[in-house]
Amino acid sequence: ALRMVLLHNIIIRGFNSLIYYSGEVEPNTPKYNAFLAYTGEAIQSLHHHHGNEEDKYFPFLESKMGKGSMSDNVNGHEAFKAPFAAFENLYTKLRSGEAQWDLTAFRKAIYDFIPVLREHLEEEIDTLRPWQLKGKFTTEELSTFEVEMDKYVVAQMSLAKDPQFYFINGDSAPHGSWFPPIPPPIAFVARQIIWHVHSNWWQFGCCDKYMKVKPQFAPYEPVMENKEAPVS
């Protein structure tokens, strides 16, 4: 559950940063074009996350928890597809020039799907609490799957885009400094060498490249809940 919480926090920070920095760009400027490119990375990050869940994570859990045990989570994905698709459609039209920049409309498109997304992310964590998995998976089984999942995710990564997005919306606090679990050599190359390929995109994150939260975002930090197991 901890890994999923940290990943969900990255997603939330990504959209928080879009709301904040959308007020600092002007159309037809280099900064505006960079902001739209960054917006595309936020969109793709969520698509990748949910695709990985449905392709790998949920089937693994259902192998021991029973077929259909993850159906509520899949339904949660479906619940915000329409408003999220509307936001993605607006983004596509902005990139092509078919739509004109309208700050109010851009932020509204985000606000339209964020409440549903937040509810889904919170409910999903509750299905992955340790007491839900206890007795169904061994520690070895979970550890083995995490290693396989990390390799699967890294294999899909764009080294010039994905690690950077995670870094600038990551969590350098003690409970999250190890996440995302990118091998150190790859992290070094992504942060110190390839960073400059799209460095103008990464100015829009909630954090710096070392996952330190920027002061303006501190009041809006996602809260990681530490729920205790229910009393039996």
Side-chain angles (χ1 to χ4, degrees), residues 1-20 22 38-92 106-133 136-137 142 145-146 149-150 152-153 156 162 165-166 168-171 175-176 179-181 205-206 217 220-230:
L2 176 58
R3 282 171 171 251
M4 197 65 74
V5 167
L6 294 173
L7 187 51
H8 287 180
N9 284 352
I10 289 173
I11 292 170
I12 292 170
R13 289 192 188 98
F15 290 112
N16 281 350
S17 67
L18 294 184
I19 292 170
Y20 180 87
S22 59
Y38 173 73
T39 300
E41 290 309 302
I43 290 170
Q44 288 306 310
S45 177
L46 185 56
H47 279 312
H48 288 161
H49 171 58
H50 284 158
N52 290 340
E53 285 184 329
E54 294 183 10
D55 293 343
K56 295 288 185 179
Y57 205 72
F58 294 164
F60 167 72
L61 294 175
E62 288 193 343
S63 70
K64 292 290 187 72
M65 299 177 73
K67 186 175 181 179
S69 57
M70 294 292 110
S71 59
D72 285 348
N73 291 334
V74 175
N75 291 338
H77 291 180
E78 294 296 324
F80 70 86
K81 268 190 176 180
F84 187 66
F87 172 65
E88 187 170 6
N89 184 53
L90 173 61
Y91 154 77
T92 301
F106 183 84
R107 286 179 169 173
K108 181 181 182 304
I110 296 176
Y111 289 136
D112 283 346
F113 74 82
I114 281 293
V116 185
L117 175 61
R118 270 186 168 276
E119 182 179 4
H120 159 66
L121 295 180
E122 292 172 1
E123 290 177 348
E124 188 172 75
I125 293 301
D126 285 336
T127 68
L128 305 175
R129 299 288 179 184
W131 60 85
Q132 300 280 18
L133 306 180
K136 298 180 176 65
F137 295 93
L142 292 172
F145 176 75
E146 285 183 351
M149 193 67 189
D150 289 346
Y152 178 77
V153 171
Q156 297 180 83
D162 295 329
F165 183 83
Y166 293 145
I168 60 171
N169 291 297
D171 191 339
H175 56 265
F179 191 88
C206 285
F217 290 102
Y220 309 104
E221 267 294 271
V223 177
M224 186 178 71
E225 296 183 66
N226 181 22
K227 290 188 178 181
E228 300 294 334

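Two residues are said to be in side-chain contact when any heavy atoms from C-beta on lie closer than 4.5 Å; His8 and His49 meet this criterion. For the pair Ile10 and Leu6, the minimum side-chain heavy-atom distance is 4.5 Å or more.
Ring geometry for Tyr38 versus Phe165: interplanar angle of 30 to 60°, hence tilted.
Partners of Phe113 by ring-ring contact (aromatic ring centres under 6.0 Å, His included), not counting sequence neighbours, listed by chain and number: Phe15, Phe84, Phe87. Taking the side-chain hydrogen bond (donor to acceptor under 3.5 Å, both in side chains) definition, one finds that Tyr166 meets it with nothing, sequence neighbours left out. By the side chain to side chain contact (heavy atoms under 4.5 Å, CB included) test, Ser22 pairs with Phe35, Trp101, Leu103, Phe106, Arg107, sequence neighbours left out. Applying the ring-ring contact (aromatic ring centres under 6.0 Å, His included) rule to His50 yields the partners His77, Phe80, His120; only residues at least two apart in sequence or on another chain are considered. Under the side-chain hydrogen bond (donor to acceptor under 3.5 Å, both in side chains) criterion, Glu62 pairs with no residue, sequence neighbours left out. In this structure, the side chain to side chain contact (heavy atoms under 4.5 Å, CB included) partners of Tyr152, at least two apart in sequence or on a different chain, are Asn52, Asp55, Lys56, Met149, Gln156. Under the side chain to side chain contact (heavy atoms under 4.5 Å, CB included) criterion, Gln44 pairs with His47, His48, Glu88, not counting sequence neighbours. For Asp150, the side-chain hydrogen bond (donor to acceptor under 3.5 Å, both in side chains) criterion is met by Arg3, not counting sequence neighbours. Every residue meeting the ring-ring contact (aromatic ring centres under 6.0 Å, His included) condition with Phe60, not counting sequence neighbours, appears here in chain and number order: Phe137, Phe145. Legend: residues meeting side-chain hydrogen bond (donor to acceptor under 3.5 Å, both in side chains) with Glu41, ordered by chain and number and at least two apart, are absent. Evaluation of the salt bridge (Lys or Arg N to Asp or Glu O under 4.0 Å) rule for Lys136 yields no partner, not counting sequence neighbours.
The structure places CG of Asn16 at 7.0 Å from CD1 of Ile114, a figure rounded to the nearest 0.5 Å. The OG1 atom of Thr92 sits 6.5 Å away from the CD1 atom of Ile43 when rounded to the nearest 0.5 Å. Between atom CG of residue Asn169 and atom CD1 of residue Ile12 there is a gap of 11.0 Å, rounded to the nearest 0.5 Å.
Atom NZ of Lys64 has more than 12 neighbouring heavy atoms from other residues, nucleotides or ligands inside a 6.0 Å radius.
Listed here is the closest heavy atom pair of Gly14 and Ser17: O-OG, 2.5 Å.
No donor-acceptor pair under 3.5 Å is formed between the side chain of Arg13 and the backbone N or O of Gly205.
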